[in-house]
Amino acid sequence: MTNPLVEIRRVRKSFGAHEVLRDVSLSVNPGTVTVLLGPSGSGKSTLLRCINHLETIDGGRIIVDGELIGYRQKGGNIYEMHPKEISKQRQNIGMVFQRFNLFPHMTALENIIEAPVGLNGKNKNAAKEEAMALLSRVGLADFANHYPAQLSGGQQQRVAIARALAMKPKLMLFDEPTSALDPELVGDVLDVMRELADEGMTMIVVTHEIGFARNVADQVVFMDGGVVVESGDPEEVIGNPQRQRTRNFLENVKHG
Ligand SMILES: Nc1ncnc2c1ncn2[C@@H]1O[C@H](COP(=O)(O)OP(=O)(O)OP(=O)(O)O)[C@@H](O)[C@H]1O
Ligand SMILES: [Mg+2]
C-alpha cells in the first residue's frame with residue numbers, strides 16, 4: 001500500500017454566506033494524474049487554490065506528502081502558518097493557471113530562473129543551465145530570449161510549466177491550462193502535460209479536455225455545487241457515469 005501524496009479530508013470553504021466547498025474529500029496517489037471536471041462555479045479552482053493555501057479553509061484538512069497545508073496543530077487547536085512557512089510549502093507545489101502566468105518584462109529564461117535564484121538563492125549559472133534543459137523539454141530551446149509578448153499562448157503556457165518545474169515540485173496543479181488557447185495550440189500543451197505524467201509527476205488537472213482525461217488520467221473527479229458527485233476510473237466516470245448530473249455535464253462538454 002502506498003500512502004497518498006495528497007489527502008483532502010472533508011474540506012469546507014465559504015465566501016461570505018456562499019458555501020463553495022462542502023465536505024470535499026479526495027486522495028491522490030504519488031505518480032498519478034487526477035482530472036477534475038465540473039460545471040462553472042462548482043468549486044474546482046477554489047479546491048486547487050486551497051491545496052497550495054492561496055485560500056484558507058473553514059473546515060477539514062489538506063495534507064501533501066505528510067504535511068498539513070497552511071496550518072499547524074498545537075494541542076487541540078489549529079493555527080494558520082506564518083507566511084514564510086506557507087511560502088516554503090508552496091515551493092513544493094507547482095501551479096499553472098489559465099493565463100497571465102509569466103512576468104511580461106522578463107524573457108522565457110529569466111521567468112524560469114526567477115524563483116530558483118530569487119527565492120532559493122540558487123547559483124545563477126546553474127539555474128540557467130537547468131532552465132535551458134527545461135526549455136528543451138517543453139520544446140522551446142530556441143525561445144529562451146523571447147519575451148512573453150513574442151510567444152504564442154501555447155508557448156507561454158509551456159514556459160509557465162517549465163517555470164513551475166524549475167522549483168522541482170512534488171505536485172503540479174493545472175487550472176484549465178488550455179482553455180484560453182486557440183484550438184491549434186492546445187495539443188502542444190497537452191503533449192507536454194502527458195509527457196510529464198509519463199515521467200511520473202503527480203498532477204491534479206482542471207480541464208474540459210475529455211480526451212486528455214480519458215487517455216491520461218488515473219482518476220476522474222466530477223464536482224458540482226461544491227461536492228464530489230462521483231469519482232473513479234476515467235472509463236467508468238466518463239464512459240459510464242452513474243449520476244444524472246455527470247451525464248448532463250458530459251453531454252454539454254461533448255456538444256458545447
Ligand atoms: N474570492 C472569491 N470571493 C467570492 N466568491 C468567490 C471567490 N472565488 C470564487 N468564488 C465563488 O465560488 C464559486 C466557485 O468558484 P470556482 O472559481 O472555484 O469555480 P470553478 O469550478 O473553478 O468554475 P469555472 O469552471 O468557471 O472556472 C463561484 O460561485 C464563485 O463565484
Ligand atoms: Mg475555475
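Residue numbers start at 1 and run along the sequence shown. Just follow the structure's listing: the first ligand is 1, and inside any ligand the first atom is 1.
- In this structure, the side chains of L185 and Q157 stay at 4.5 Å or more apart for every pair of heavy atoms.
- L171 places a side-chain heavy atom less than 4.5 Å from the side chain of I93.
- Residue contacts with ligand 1: G16 is excluded, as none of its non-hydrogen atoms falls under 4.0 Å.
- Less than 4.0 angstrom separates some heavy atom of P39 from each of these atoms of ligand 1: 21 (O).
- Between I57 atom CD1 and R49 atom CZ the span is 14.0 Å, to the nearest 0.5 Å.
- The shortest contact between atom 9 (C) of ligand 1 and any protein heavy atom is with F15 CE1, 3.5 Å.
- Any N or O atom pair closer than 3.5 Å counts here, and S45 shares at least one such pair with ligand 1.
- Shown here, atom 2 (C) of ligand 1 is in close reach of the protein: a heavy atom of it lies under 4.0 Å off.
- Residues Q155 and R158 have side chains that never bring a donor and an acceptor to within less than 3.5 angstrom of each other.
- Not one N, O or S atom of Q98 sits under 2.8 Å from the Mg ion (ligand 2).
- In this structure, atom 25 (O) of ligand 1 lies nearest to the protein heavy atom K44 NZ, 2.8 Å.
- What sits closest to atom 23 (O) of ligand 1 on the protein, heavy atoms only, is G41 N, 2.8 Å.
- Heavy-atom distances between E176 and ligand 1 reach below 4.0 Å in at least one pair.
- For CD of E129, the number of neighbouring non-hydrogen atoms (other residues, nucleotides, ligands) closer than 6.0 Å is 12 at most.
- Contacts of H18 with ligand 1, taken as heavy-atom pairs under 4.0 Å, involve the side chain alone.
- Counting only heavy atoms, the protein gets under 4.0 Å from atom 20 (P) of ligand 1.
- Residue-ligand proximity, V20 to ligand 1, at heavy-atom distances under 4.0 Å covers atoms 12 (O), 13 (C), 14 (C).
- In this structure, L36 CG and H208 NE2 are separated by 11.0 Å, a value rounded to the nearest 0.5 Å.
- Looking at heavy atoms from C-beta onward, L196 lies in side-chain contact with L165 at the 4.5 angstrom threshold.
- Among G225, G43, S40, the residue whose heavy atom lies nearest to atom 26 (O) of ligand 1 is S40.
- The shortest N or O to N or O distance between T46 and ligand 1 is below 3.5 Å.
- The pair E67-K170 does not meet the salt-bridge criterion, since no charged nitrogen lies less than 4.0 angstrom from a carboxylate oxygen.
- For E199 and R137, the salt-bridge test passes: some basic side-chain N is under 4.0 Å from an acidic carboxylate O.
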